[in-house]
S.K.: 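Mind looking over this structure? Questions follow.
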Number of protein chains: 2
Amino acid sequence: MDAGEPLSVPADDVHRPDHWPTGRLLSTASRLVEHAWSDALERLGLTHAGLIVLHLLDLGDTSQSELARHARVEAQTMSRTLDRLERAGWVARVPDPADRRRHVVSRTSAGAEVWQRAQRIEAELFPQVTDAAALRTALLEIVAAAESRRWPAVPPHRGVR
Amino acid sequence: MDAGEPLSVPADDVHRPDHWPTGRLLSTASRLVEHAWSDALERLGLTHAGLIVLHLLDLGDTSQSELARHARVEAQTMSRTLDRLERAGWVARVPDPADRRRHVVSRTSAGAEVWQRAQRIEAELFPQVTDAAALRTALLEIVAAAESRRWPAVPPHRGVR
DNA sequence: TCGAATTGCTCAGCCGGCTTACTAATTTCA
DNA sequence: TGAAATTAGTAAGCCGGCTGAGCAATTCGA
């Protein structure tokens with residue numbers, strides 16, 4: 001058994017955030033920020049995953065797989081997120097008569113209403129940072145780099161462009 | 001039922017990452033980055049949560065609750081992470097004779113070895129960004145702002161400082 | 001000193017990622 | 001035309017966050 005003897009590092013600093021690897025900072029920041037929203041969202045009967053779907057439905061009714069692609073999430077994950085939204089009454093899934101494999105997802109009127117009220121939560125509860133533009137630029141670079149390996153190309157919305 | 005008519009937004013751009021709220025960018029970037037590591041970690045038989053614990057044990061044997069505090073995670077989450085690390089043989093939990101509520105967690109020699117091999121994964125697989133310093137600064141601001149509401153103060157390592 | 005409060009840990013159950021594996025429907029093409 | 005390949009969706013099971021609840025041990029304080 002290893003006693004875990006201190007390595008060649010200034011011991012009282014190693015485990016403070018400013019010495020963490022950047023990726024660890026990234027995931028911790030993400031988790032803390034989502035947590036800060038959860039109260040406000042919960043009061044509306046929403047979760048962050050559901051909020052994203054309600055936003056995506058701005059573009060109109062669409063299929064589950066397309067929602068998954070735009071949310072950068074696997075189809076199975078989207079399926080369960082839609083289960084919960086449907087259970088809450090915010091979206092409806094209707095079999096597509098033209099393609100009986102597809103389900104057409106649409107916001108219900110209650111869903112449109114809760115989305116109206118939730119719309120500003122993400123922006124308003126995000127903490128102040130000194131250089132927000134630099135943060136966005138870096139995050140976009142990361143998303144672009146990482147997703148290019150994971151999804152060859154995310155196509156535009158069906159019928160658009 | 002709401003047909004989801006397009007709102008007053010340039011339709012083909014709304015759902016591209018550069019128009020996302022910053023928080024959504026943050027969580028997506030975080031998820032994609034962690035995914036990029038998962039192959040390398042899995043080959044070693046590790047997960048990201050476990051890697052963090054092995055790193056924290058640089059400071060020597062300690063209790064579960066202290067590990068949780070330093071990882072910014074609830075005690076229950078840490079408990080299950082340690083279950084998996086223990087099952088894999090990388091840490092040992094020994095009841096503390098001095099305080100029989102506590103379990104002293106230590107790296108096994110196998111755990112120290114796998115940590116040696118895993119140590120560079122986070123740094124080496126993190127994608128290149130133009131202004132890495134600005135990214136870190138912003139993430140540190142976010143963590144500080146968000147965690148001050150969640151945890152009043154994260155105390156230093158027991159016995160240090 | 002002894003009852004109350006706190007602390008350390010675990011369990012159960014939820015959400016939301018993931019992979020693997022399956023069904024059903026559609027499309028492709030030899 | 002008909003078999004093969006692809007696509008849409010779901011199910012099961014894992015990881016890792018979380019909350020709420022509970023037990024055992026320790027510490028506090030009247």
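In what follows, every chain begins at residue 1, and chains take the letters A, B, ... in the order their sequences are listed. All heavy atoms count here, side chains included; hydrogens, waters and symmetry mates do not.
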S.K.: Tell me the interatomic distance from B:W37, atom CH2, to C:dC18, atom P, rounded to whole angstroms.
M.R.: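 In whole Å, C:dC18 P lies 16 Å from B:W37 CH2.
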
S.K.: Kindly point out which of D:dC15, C:dT19, C:dT10 is positioned nearest to the side chain of B:R87?
M.R.: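 In terms of side-chain proximity for B:R87, the closest of D:dC15, C:dT19, C:dT10 is D:dC15.
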
S.K.: Check this for me: does the side-chain of B:Q76 come within 3.5 Å of the base of D:dG20 through a donor and an acceptor?
M.R.: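 Between D:dG20 and B:Q76, which were checked side chain against base, a qualifying N/O pair under 3.5 Å is present.
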
S.K.: Are any of B:R84's side-chain N or O atoms less than 4.0 Å away from OP1 or OP2 of D:dG16?
M.R.: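 Answer is yes, contact under 4.0 Å.
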
S.K.: Taking OP1 and OP2 of C:dG8, is either one under 4.0 Å from a side-chain nitrogen or oxygen of B:R100?
M.R.: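 False: B:R100 side-chain N/O out of range (4.0 Å or more) of C:dG8 OP1/OP2.
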
S.K.: Counting only side-chain heavy atoms from C-beta out, which of D:dC18, D:dT10, D:dC15 sits nearest to A:H103?
M.R.: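 Out of D:dC18, D:dT10, D:dC15, the nucleotide with an atom closest to A:H103's side chain is D:dT10.
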
S.K.: Would you mind reading off the distance between A:L85 atom CG and C:dC15 atom C1', rounded to a whole angstrom?
M.R.: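 Roughly 12 Å, once rounded to whole Å.
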
S.K.: Using a heavy-atom cut-off of 4.0 Å across all strands, would you classify B:S65 as base, sugar-phosphate, or nothing?
M.R.: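 Counting heavy atoms under 4.0 Å across all strands, the contact made by B:S65 is with sugar-phosphate only.
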
S.K.: Quick one: A:E74 CD to C:dA21 C1', roughly how many Å, whole number?
M.R.: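 Rounding to the nearest Å, CD of A:E74 and C1' of C:dA21 are 14 Å apart.
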
S.K.: Within the structure, does a side-chain N or O atom of B:R102 lie under 4.0 Å from either OP1 or OP2 of D:dA24?
M.R.: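 Result: no.
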
S.K.: For a quick test of reading the model: is some side-chain N or O of A:R93 closer than 4.0 Å to OP1 or OP2 of D:dT10?
M.R.: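 Answer is yes, contact under 4.0 Å.
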
S.K.: Once you round it to whole Å, what is the distance between P of D:dG16 and CZ of A:R24?
M.R.: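 About 14 Å, once rounded to whole Å.
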
S.K.: Measure from the side-chain N and O atoms of B:R72 to the backbone N and O of B:H70, and report whether any donor-acceptor pair falls under 3.5 Å.
M.R.: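 Answer holds: yes.
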
S.K.: Using the side-chain contact (heavy atoms from CB on, under 4.5 Å) definition, which of the options B:L41, B:L54, B:L51 pairs with B:V114?
M.R.: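 The side-chain contact (heavy atoms from CB on, under 4.5 Å) with B:V114 is passed solely by B:L54 among B:L41, B:L54, B:L51.
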
S.K.: Using a cut-off of less than 4.0 Å, is there contact between a side-chain N or O of A:S79 and OP1 or OP2 of D:dA8?
M.R.: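 A:S79 to D:dA8 OP1/OP2: no side-chain N or O under 4.0 Å.
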
S.K.: Under the salt bridge (Lys or Arg N to Asp or Glu O under 4.0 Å) rule, what pairs show up with a residue in residues 130-143 of chain A, not counting sequence neighbours?
M.R.: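 Checked against salt bridge (Lys or Arg N to Asp or Glu O under 4.0 Å) - neighbours excluded - no pair reaches residues 130-143 of chain A.
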
S.K.: To the nearest Å, give me how far apart CZ (B:R101) and C1' (C:dA5) are.
M.R.: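 Interatomic distance, CZ of B:R101 to C1' of C:dA5: 11 Å.
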
S.K.: In whole angstroms, how far is the P atom of C:dG17 from the CG atom of B:L32?
M.R.: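 Rounding to the nearest Å, CG of B:L32 and P of C:dG17 are 12 Å apart.
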
S.K.: Consider side-chain contact (heavy atoms from CB on, under 4.5 Å). Of B:R84, B:M78, B:R80, B:E86, which one does B:L82 pass it with?
M.R.: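 Per the side-chain contact (heavy atoms from CB on, under 4.5 Å) rule, the option paired with B:L82 is B:M78, out of B:R84, B:M78, B:R80, B:E86.
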
S.K.: Scan B:T77 against the nucleic acid and name what it touches under 4.0 Å (heavy atoms): base, sugar-phosphate only, or nothing.
M.R.: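 Contact class for B:T77: base.
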
S.K.: Could you pick out which residue, A:M78 or A:P97, lies toward the 5' side of DNA chain C when each is mapped onto its nearest nucleotide?
M.R.: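 Nearest nucleotide further toward 5': that of A:M78.
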
S.K.: Closest-nucleotide mapping onto DNA chain D: is B:A75 or A:Q64 further toward the 5' terminus? I mean the 5' end.
M.R.: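 Final value for this comparison: A:Q64.
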
S.K.: Would you mind reporting whether A:L67 and A:I52 have side-chain heavy atoms less than 4.5 Å apart?
M.R.: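 Not touching, per the 4.5 Å side-chain cut-off.
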
S.K.: Would you say D:dC18 has OP1 or OP2 under 4.0 Å from some side-chain N or O of A:S38?
M.R.: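 Indeed not, no polar side-chain atom of A:S38 lies that close.
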
S.K.: Check the distance between C:dC11's P and B:L82's CG and give it to me in whole angstrom.
M.R.: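 In whole Å, C:dC11 P lies 13 Å from B:L82 CG.
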
S.K.: If you pin A:T81 and B:D99 to their nearest nucleotides in DNA chain C, which one's is more 5'?
M.R.: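 The answer here is B:D99.
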
S.K.: Any donor-acceptor pair under 3.5 Å between the side chain of A:R80 and the base of D:dG9?
M.R.: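 Not at all, since no donor on one side and acceptor on the other fall under 3.5 Å apart.
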
S.K.: For the pair B:S63 (side chain) and B:V104 (backbone), establish whether a donor and an acceptor sit closer than 3.5 Å, ignoring hydrogens and angles.
M.R.: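 The answer is no, because no donor-acceptor pair under 3.5 Å joins these two groups.
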
S.K.: Check the distance between C:dC15's P and A:E42's CD and give it to me in whole angstrom.
M.R.: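 My rounded result for the distance is 11 Å.
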
